[in-house]
Amino acid sequence: FHPAEGLVLNPSFTLFKRLDTVPMGRRSFSITPAFRYGFLNRHFNPWLTIRYNYGKKYNQSFSLAGGQKVFQFNPDLPVSDRDNTLTSLIYERNIRKTYEAAFIRGSYRTGLGSGFSLVAGFQYQDRKPLDNITDYTWRKDDKRSYTPNYPNELVNSNIQAHQSFTVLFGLNWQPGTKYIEFPDRKFSVGSRYPTFSFQYVQGIKQILGSDADFSKWHLYMSDNLNMKMKGQIRYRVGAGGFINNKAVELPDYNHFNGTITRFIPEYMKSFMLLPQYQYSNKEKFYSEAHFEYNLKGFLTNKLPLIRNLNLYLVTGANGIYLNPQKYYYEVSAGFDNIFKQLRVDFVQSCQNGKPWQQGIRIGLSKLNLSRGQEDWP
């Protein structure tokens, strides 16, 4: 359910064919048709994605997608349809902000050896706003109402119809990567060094009527450190910004993954108490950091009751810096491995150096709930 569409039907399926008959062959082909239909706004949005995987020495793939689709303003998909349905119908909070677009996009990925991999792609979108058309909810309260179906933290009125054509180039590198080599192919077995990820996106004006005119970049470093008996450290730090921001629409801003419900989707890419679009920006520079230390029983195995429950102490911190007048950070502490499945954190956030909000967040211990991206690198 979404107040801009009413009841929504959104099925999809994938047809997959392995093309290699030899063991460990890489060639495969898949096709994924999908559609979305809103019973109240009566919009039918069909799209199709095809993917071809191949490569003898290194993995290579090509994908092409197109059609008509409902997109989130943040392409990292921070809010699922399920979460928005529950919060809308029970609490009258529409947390999934969307627009509609006819689109076509393609991407190419390949390994290069020596720990390098490359991705390049393009995307065109003809974007239109989706306005709320119903205030239906299961628990009507005169003190609450749906917010507009756009990031009203950033603008006071809805987005206007526009077109955007962008191209993307990305490069990943993990120094010291080792490979298992066969006569006709190589398989990466990783490295003890961190991974570096660089991405550059260019909005190009006038191609297919595109209004976009911007250049943005980001560079991230991430790693997972096994401290053996002392636990595990994970981190992800990076920076980015706009080199040129002459014409940037809301979907092309730099967005950060705030957590709107009590459940964390992905710890190393999410902020536990940050409102969804409050720090979205088109600034020349930003920096972002995520840090987590899971002690894995290093201290708790010495405490009788906690040791019997096999709980792990976990601490963490996340932060964003835009300028001396606008920055945000949060610190957390909690227990992991609850019933071998759950993790619970108590979180304190600070905004511009002053204590801001407190809260409790819940996640899964061993499963990553990342919802991925809109198949756009």
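For this chain, numbers begin at 1 and follow the sequence in order.
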Polar contact flag, side-chain donor to acceptor under 3.5 angstrom, [X]-[Y]:
{"X": "T14", "Y": "T32", "value": "yes"}
{"X": "N53", "Y": "R27", "value": "no"}
{"X": "N74", "Y": "Q276", "value": "no"}
{"X": "E5", "Y": "H43", "value": "no"}
{"X": "H290", "Y": "N318", "value": "yes"}
{"X": "E100", "Y": "N45", "value": "yes"}
{"X": "Q72", "Y": "T98", "value": "no"}

Given the side-chain rings of [X] and [Y], with only the six-membered ring counted for Trp, is the space between their centroids under 6.0 Å?
{"X": "Y220", "Y": "F196", "value": "no"}
{"X": "F39", "Y": "Y37", "value": "yes"}
{"X": "W217", "Y": "Y200", "value": "no"}

Q. Tell me the salt bridge (charged side-chain N to carboxylate O under 4.0 Å, His left out) pairs involving residues 118-128, sequence neighbours left out?
A. R127-D252
Answer yes or no: does atom [atom1] of [X] have more than 12 heavy-atom neighbours from other residues, nucleotides or ligands under 6.0 Å?
{"X": "Q206", "atom1": "CD", "result": "no"}
{"X": "R144", "atom1": "CZ", "result": "yes"}
{"X": "R18", "atom1": "CZ", "result": "no"}
{"X": "K17", "atom1": "NZ", "result": "no"}
{"X": "K302", "atom1": "NZ", "result": "yes"}
{"X": "F44", "atom1": "CZ", "result": "yes"}

Could you grab the distance from atom [atom1] of [X] to atom [atom2] of [Y], nearest 0.5 Å is fine?
{"X": "R105", "Y": "Q125", "atom1": "CZ", "atom2": "CD", "answer": "7.5 Å"}
{"X": "S145", "Y": "N132", "atom1": "OG", "atom2": "CG", "answer": "9.5 Å"}
{"X": "K296", "Y": "M229", "atom1": "NZ", "atom2": "CE", "answer": "13.0 Å"}
{"X": "N337", "Y": "N310", "atom1": "CG", "atom2": "CG", "answer": "5.0 Å"}
{"X": "T195", "Y": "M221", "atom1": "OG1", "atom2": "CE", "answer": "10.5 Å"}

Q: Could you go through the side chain to side chain donor-acceptor pair (under 3.5 Å) check for N294 and D336 one step at a time?
A: CA-CA 8 Å; N294 192 324; D336 194 9; 2.8 Å; yes
So which atom in [X] and which in [Y] form the shortest heavy-atom distance, rounded to 0.1 Å?
{"X": "D345", "Y": "S332", "result": "OD2-OG, 3.9 Å"}
{"X": "P3", "Y": "S88", "result": "CD-OG, 4.2 Å"}
{"X": "S188", "Y": "T177", "result": "OG-CG2, 3.4 Å"}

How about [X] and [Y]: do any of their side-chain heavy atoms sit closer than 4.5 Å?
{"X": "F256", "Y": "D76", "result": "no"}
{"X": "N41", "Y": "L130", "result": "yes"}
{"X": "Y267", "Y": "M272", "result": "yes"}
{"X": "T134", "Y": "Y146", "result": "no"}
{"X": "T166", "Y": "I204", "result": "no"}
{"X": "F346", "Y": "Q358", "result": "yes"}
{"X": "N94", "Y": "N84", "result": "yes"}
{"X": "Y328", "Y": "Y279", "result": "yes"}

Q. Pick one: which of Y124, F71, F122 meets ring-ring contact (aromatic ring centres under 6.0 Å, His included) with F103?
A. F71
(Q) Against H255, only a single residue in Y277, F73, F271, Y286 fulfils ring-ring contact (aromatic ring centres under 6.0 Å, His included); can you say which? (A) Y277
(Q) For E292, run the salt bridge (charged side-chain N to carboxylate O under 4.0 Å, His left out) check against K269, R236, R234 and tell me which one passes. (A) R234
Q: Would you sort out whether N301 and R307 count as a side chain to side chain donor-acceptor pair (under 3.5 Å), showing the intermediate values?
A: CA-CA 5 Å; N301 62 6; R307 180 183 60 195; over 6 Å; no
Q: Might you work through the side chain to side chain donor-acceptor pair (under 3.5 Å) test for N257 and E266, ending with a clear yes or no?
A: CA-CA 9 Å; N257 293 344; E266 187 176 6; 5.7 Å; no
Q.
Could you walk me through whether Q278 and Q351 satisfy the side-chain contact (heavy atoms from CB on, under 4.5 Å) test, starting with their C-alpha distance in whole Å, then the side-chain angles of each, then the deciding distance to 0.1 Å, before giving a yes or no?
A. CA-CA 11 Å; Q278 184 164 330; Q351 186 171 231; 2.7 Å; yes
Q: Name all residues meeting the side chain to side chain donor-acceptor pair (under 3.5 Å) criterion together with D213; count only those two or more places apart in sequence or in a different chain, and write none if there are none.
A: N244
